[in-house]
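To start, the structure under review is shown below, and the notes come after it.
Lettering of chains follows the sequences in order, A, B, ..., and the numbering in each one begins at 1. Fair warning: this is a prediction, and the values are worked out from it, not measured in the lab.
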Protein chains: 2
Amino acid sequence: MSLRIALLGLLDATGPASGYDLAKAFEKSLNHVWQAGHTQIYPELVKMAEDGLVEVESEGARGRKIYAITPEGAARLHEWLVGHEPSVVIRSETALQAFLLSLLDVDDAIAVVRRIKADAESRLAGLECLGSPGSELFTGRFALDLGLRQARAMVDWAEATLAVLGERKASLQGA
Amino acid sequence: MSLRIALLGLLDATGPASGYDLAKAFEKSLNHVWQAGHTQIYPELVKMAEDGLVEVESEGARGRKIYAITPEGAARLHEWLVGHEPSVVIRSETALQAFLLSLLDVDDAIAVVRRIKADAESRLAGLECLGSPGSELFTGRFALDLGLRQARAMVDWAEATLAVLGERKASLQGA
DNA sequence: AGCTACATGTAAGACGTTACATGATTTT
DNA sequence: AAAATCATGTAACGTCTTACATGTAGCT
């Protein structure tokens, strides 16, 4: 369902586009929010066209098909955005690592948390770059801000956790 | 793959347990980290037993089967925890809503963000409750801290966004 | 006798990833 | 002429959800 919403949202925000364009848009603007490759996007667009949410506006060179959102599609999009209940389906491998951290000895745990921290920092840097002046964000300024806050929360967690693990290590060595 | 890890982690941390027990454990301790119902857990345990990662230690009343982690399973768990590269597969419906917020008029946007805020606050309250003294957290203190930070980041984002939207609304009315 | 909690499973379908496959146009 | 990019698709497989299905034990 949400893949449909993401596609409708992109079509609504940026105007008609091909599946190829939409796949590119996922890569460069939506990727910190939702992920999808072309193998998922192409069949979905066909189904959405069957359901009257989008239509092939024109066909270009190399079999290029330009899809446009229909009024029905726009209505569904609006409905979802306004009416969707926040459902927190969390499935984070990093959080799972964090959950099981106490099963590791201190040195392993420190190594794991350092890796998580480095990853979060590079993600943070990437997002900061996206938001820097000059970069065009047709939409998604709010989502970028959310992404930044979440990445910072992860970095902060890693730092706090490293501090705790460092203390634990020191007290073990003292013993 | 990660479902296996979560199950191995629970078995390693708390000792032998039935599929039923593990499903309960998911509900009450892992649910803010990974989610899985019994229909996913039971078949997975069978496959894991075939792969030698767990074994049926004993059978109790009502067809109850107690699974225990094998040395092989413990080795795989350790390997994953230490070696797993952080892969950020983000698929957050809330972030998608945030991304498309500018497609809504200001009042709708405010309503959506308020709902997100309320949801994040109740999640935060639930986590704070889990962490309160007296509650037994056999493992997962670090994951709880991470969850708290992420929930707080969401609440902060909602507040900041509401402030921006409020200003936007005021300037529209002034015009 | 009926209700609740325990305990396990199957099956259909939605959603997602990886690998495979094809061909047109543009650039080097 | 070769390579890169554009552009679309299918198939197999794995994961996850929802609905269905079954039976036991304890409590009231």
Earlier contact from the 5' end, DNA chain C, for A/Ala36 and B/Ser18 =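 Going by which nucleotide is closer to the 5' end, it is B/Ser18.
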
Residues sharing A/Tyr20's hydrophobic cluster, by side-chain heavy-atom contacts under 4.5 Å among ILVMFWY, directly or via others?
->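 Its cluster partners, ordered by chain and number, are A/Tyr42.
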
Residue pairs, two or more places apart or on separate chains, that pass salt bridge (charged side-chain N to carboxylate O under 4.0 Å, His left out) and touch [range]:
| range | answer |
| --- | --- |
| residues 3-17 of chain B | B/Arg4-B/Glu44, B/Arg4-B/Asp51 |
| residues 143-162 of chain B | B/Lys117-B/Glu159, B/Asp145-B/Arg149 |
| residues 70-83 of chain B | B/Glu72-B/Arg76 |
| residues 53-69 of chain B | B/Asp21-B/Arg64 |

Would you mind reading off the distance between B/Arg4 atom CZ and D/dT15 atom C1', rounded to a whole angstrom?
->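 Distance, rounded to whole Å: 12 Å.
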
Atom pair distance, as rounded to whole Å: CG in B/Leu7 and C1' in D/dT15 =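 Distance check: B/Leu7 CG to D/dT15 C1' gives 14 Å.
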
Nucleotide range of DNA chain C contacted by chain A, 5' to 3', under 4.0 Å to a heavy atom?
->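 Extent of the interface on DNA chain C: C/dC15 to C/dT25.
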
Test item: A/Ile5 and B/Leu100 side chains (from C-beta on) under 4.5 Å apart, heavy atoms =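 A side-chain contact exists here, since the closest heavy-atom pair is under 4.5 Å.
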
What residue pairs, at least two apart or across chains, pass ring pair (Phe, Tyr, Trp, His ring centres under 6.0 Å) with a residue in residues 54-80 of chain A?
->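 For residues 54-80 of chain A, and leaving out neighbouring residues, the ring pair (Phe, Tyr, Trp, His ring centres under 6.0 Å) pairs sorted by first residue read A/Trp80-A/His84.
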
Please output the side-chain donor-acceptor pairs of residues 164-175 of chain B that fall under 3.5 Å, not counting sequence neighbours, one pair per line with the distance.
residue, atom, partner, partner atom, Å
B/Lys169, NZ, B/Asp107, OD1, 3.0
B/Ser171, OG, B/Arg168, O, 3.0

Which of residues 38-69 of chain A sit near DNA chain C, with a heavy atom under 4.0 Å from it?
->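 By residue number: A/Thr39, A/Gln40, A/Arg62.
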
